[in-house]
Amino acid sequence: MCIAALLCLWRSGPPPGRVRASRHAGWNDMRLSRTLAPTLKETPAEAQIVSHRLMLRAGLVRQTAAGIYAWLPLGFRVLKNIEQIVREEQDAIGAQEMLMPTIQAAELWRQSGRYDAYGPEMLRIKDRHDREMLYGPTNEEMITDLFRQSVKSYRELPQMLYHIQWKFRDEVRPRFGVMRGREFLMKDAYSFDLDYAGAVISYRRMMLAYMRTFQRMGVKAIPMEAESGPIGGNLSHEFIILAPTGESQVWYDAAFERMDVSPAAVSHHSPADLERFFTEMTTHYAATDEKHDPALWEKVQEKREGRGIEVGHIFYFGTKYSSPLGLTVAGSDGTPVAPHMGSYGVGVSRLVGALIEAFHDDAGIKWPDAVAPFRAAILNLKVGDAACDRISEEIYAKFAGDALYDDREERAGVKFADADLMGHPWQIVVGPRGAASGRVELKRRATGERQEVDLDAALAQIG
RNA sequence: CGGGGCGUGGCGCAGCCUGGUAGCGCGCGUGUUUUGGGUACACGAGGCCGCCGGUUCGAGUCCGGCCGCCCCGACCA
């Protein structure tokens with residue numbers, strides 16, 4: 001059998017003895033020599049902020065028009081990982097996943113009054129019959145319409161629905177790469193409750209889900225009171241994650257650093273737990289530039305300051321949409337009631353940039369384990385060397401698609417630099433020095449710590 | 001939308017003021033070299049100089065229009 005045929009066998013499918021399941025559905029063959037991951041030594045002129053620069057340099061995305069990006073294989077994997085964490089935490093509090101279209105008819109937006117109110121940020125389109133359509137910037141009207149078609153009784157409430165879908169807002173000035181693009185991937189959820197008291201519970205539940213979501217991504221998130229809008233009631237919060245290069249200054253109480261939001265500490269089924277949680281989240285001081293109050297800040301015992309990036313926003317808006325769109329359900333006494341609603345967004349694509357802002361150094365990205373495109377990179381420092389090739393292939397096979405194999409015929413320095421740039425949490429360096437005796441070097445990207453270990457020890461540690 | 005700037009091989013840039021055969025670095029290909037942190041040398045491929053029009057014997061360069069992109073501000077997931 002020729003070498004090419006052997007290689008084909010290697011590539012033909014999931015090999016046995018996998019170390020851990022891939023976070024992805026399929027088993028992708030990820031040899032760098034056959035991967036569209038165009039890393040750049042120099043920074044493209046258009047990129048200003050660090051996350052944008054690194055996303056371009058690490059080959060995660062490419063811009064195709066102002067504020068519109070193509071997601072290349074590595075970037076796409078990160079996006080999917082973030083999306084999956086968001087999904088799991090939404091599911092965990094009982095929200096139902098669905099999928100609404102990107103293109104909507106103008107008609108519904110006329111009913112809610114937002115067709116004119118939204119302004120030029122909304123991308124308006126005409127179809128071949130000259131019907132007015134739009135590329136959805138959000139989905140309140142649509143979900144309200146869908147809900148009213150089928151839900152008729154208070155017995156069916158409460159409900160919470162969400163989808164993860166591309167949105168378009170025709171920003172006057174897109175910038176910061178995917179952090180402020182025109183096209184963006186967003187998780188938006190909508191809650192329907194019979195009354196205000198119910199809506200408050202939904203709101204708190206979602207706040208809990210958000211705290212857990214961001215915590216899983218390895219970042220500290222702080223809910224900050226936002227403009228409460230016409231409804232009031234103190235129920236509008238922005239979620240800011242801390243990053244040294246964040247867009248705005250934030251002031252907060254160190255108490256946020258100690259909060260336990262695990263299911264063991266707070267049950268989303270228990271209104272009492274939720275209330276305690278909500279109180280905890282909203283009584284300590286936390287503010288961005290606009291809302292910062294020096295007088296109140298003075299009273300904070302343990303002060304913390306930093307920079308932050310908004311990655312989520314939740315708000316309660318009562319019957320703002322249910323009323324004009326005619327959504328009512330029969331109450332227990334038979335009279336129609338307009339449900340109280342809330343909506344809850346997470347900027348999924350924005351998070352890719354935001355996480356890079358939070359986790360990087362001069363050499364490149366330092367992905368948190370939970371969202372990294374690959375758990376590890378295998379750096380074969382001497383492609384063609386029998387021992388290096390054998391060990392590299394062996395490791396690669398065991399990772400079952402969750403490792404990127406740098407099988408390029410490049411110099412060691414190039415591979416190190418690219419691996420650091422791309423930010424895989426672990427690097428497994430297979431060089432002729434150690435390979436002969438079955439040893440590899442294991443490097444932890446986040447800390448820079450390295451150790452030379454046996455192959456099995458390396459796999460066990462990363463496992 | 002107000003203000004500013006930039007479009008020249010894949011990336012970063014020079015050339016434009018003062019019109020005359022399109023250049024540099026990186027990257028890419030081949031060879032030698034090197035062999036654990038972006039090695040060195042040689043040779044080579046690659047550019048309707050954003051688009052349209054004008055001036056001129058001649059336009060990357062001057063003039064007009066258009067398009068695209070970036071930055072600051074206002075606005076925003």
Side-chain angles (χ1 to χ4, degrees), chain A residues 36 38-49 52-53 56-57 59 62-69 82 86 118-122 136-140 164-189 210 214 226-227 236-241 247-248 288 290 308-315 343-354 362-364 379-385 388 406 408-421 427-435 439-441 443 448 450 452:
Chain A
L36 183 64
T39 54
L40 263 23
K41 208 188 250 185
E42 289 176 283
T43 304
E46 74 262 23
Q48 293 298 309
I49 61 165
H52 191 194
R53 281 201 274 244
L56 257 15
R57 286 194 52 214
R62 283 293 182 265
Q63 177 167 295
T64 62
I68 302 178
Y69 292 83
I82 290 173
V86 170
Y118 220 93
E121 270 206 349
M122 186 155 72
T138 177
N139 288 74
E140 279 86 3
I164 299 172
Q165 177 64 292
W166 291 92
K167 304 282 191 293
F168 195 93
R169 286 184 198 167
D170 200 357
E171 298 281 348
V172 207
R173 192 189 156 206
R175 61 182 129 173
F176 306 149
V178 299
M179 297 252 288
R180 177 92 182 273
R182 291 193 294 173
E183 189 182 52
F184 56 97
L185 187 62
M186 178 172 162
K187 184 284 303 183
D188 42 322
Y210 275 34
F214 300 125
E227 299 302 331
S236 175
H237 288 86
E238 291 176 351
F239 286 77
I240 308 285
I241 63 170
E247 58 196 354
S248 53
T288 55
E290 312 93 60
I309 301 169
E310 184 186 350
V311 290
H313 199 158
I314 60 179
F315 50 96
S343 80
Y344 316 88
V346 171
V348 176
S349 50
R350 168 174 255 227
L351 266 164
V352 179
D362 289 344
L379 312 191
N380 183 345
L381 295 192
K382 193 166 187 182
V383 173
D385 176 272
C388 287
D406 192 345
R408 297 173 303 170
E409 293 189 35
E410 285 289 354
R411 296 183 50 86
V414 172
K415 298 195 179 198
F416 288 132
D418 276 346
D420 285 348
L421 214 209
Q427 291 173 20
I428 304 169
V429 182
V430 183
R433 218 163 59 193
R439 291 172 77 79
V440 297
E441 184 181 281
K443 175 179 169 183
R450 308 169 194 212
E452 194 174 314

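In the text below, chain A, chain B and the rest are named by the order of the sequence lines, each starting its count at 1.
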**Message:** Under 4.0 Å from OP1 or OP2 of B:G38: is there any side-chain N or O of A:Lys41 that close?
**Reply:** no
**Request:** From the options B:C13, B:G38, B:G37, select the nucleotide whose nearest atom is closest to the side chain of A:Asp418.
**Result:** B:G38
**Message:** Just to be sure I understand the rule, does A:Arg62 reach a base, reach only the sugar-phosphate, or reach nothing, if contact means heavy atoms closer than 4.0 Å?
**Reply:** nothing
**Request:** Under 4.0 Å between any heavy atoms, over every strand shown, what does A:Ala47 touch: base, sugar-phosphate, or nothing? Just pick one.
**Result:** nothing
**Request:** Once you apply the 3.5 Å cut-off to both distances, tell me the Watson-Crick or G-U wobble partner of B:A77, or none.
**Result:** none
**Prompt:** Quick one: the side chain of A:Arg169 and the base of B:C76, do they pair up donor-acceptor inside 3.5 Å?
**Reply:** no
**Request:** For the side chain of A:Asp420, starting at C-beta, report the closest nucleotide among B:A77, B:A74, B:G37.
**Result:** B:G37
**Asked** What does A:Leu381 touch in the nucleic acid at a heavy-atom separation under 4.0 angstrom: a base, only the sugar-phosphate, or nothing?
**Response** base
**Prompt:** From the list B:C13, B:A77, B:G36, which nucleotide is the closest neighbour of the side chain of A:Ala45?
**Reply:** B:C13
**Asked** With a non-hydrogen cut-off below 4.0 angstrom, is A:Lys187 in contact with a base, only sugar-phosphate, or nothing?
**Response** nothing
**Prompt:** Does A:Pro44 or A:Arg350 map to a spot on RNA chain B nearer the 5' end, using the closest nucleotide for each?
**Reply:** A:Pro44
**Request:** Select one nucleotide: of B:C1, B:C69, B:A77, the one nearest the side-chain heavy atoms of A:Ala66.
**Result:** B:C69
**Message:** Using a 4.0 Å heavy-atom cut-off, does A:Gly345 contact any base of the nucleic acid, only the sugar-phosphate backbone, or nothing at all?
**Reply:** nothing
**Item:** Donor/acceptor link under 3.5 angstrom from A:Arg439 side chain onto base of B:G36
**Value:** no
**Request:** Determine the contact category for A:Arg182: base if any of its heavy atoms lies under 4.0 Å from a base atom, sugar-phosphate if only primed atoms, P, OP1 or OP2 are that close, otherwise nothing.
**Result:** nothing
**5' priority, RNA chain B, between A:Gly181 and A:Gln63 [closest heavy atom]** = A:Gln63
**Request:** Kindly point out which of B:C69, B:G36, B:G25 is positioned nearest to the side chain of A:Glu42?
**Result:** B:G25
**Request:** Can you figure out which of B:C11, B:C71, B:A77 approaches the side chain of A:His313 most closely?
**Result:** B:A77
**Nucleotide nearest A:Arg433 when distance is taken to its side chain, options B:C72, B:C76, B:G36** = B:G36
**Message:** Whether A:Arg411 contacts B:U35 is assessed here as follows: a side-chain N or O lying under 4.0 Å from the phosphate OP1 or OP2. Is that the case?
**Reply:** no
**Message:** Tell me whether the side-chain N or O atoms of A:Glu441 pair up with the base of B:G36 as donor and acceptor below 3.5 Å, since no angle test is needed here.
**Reply:** yes
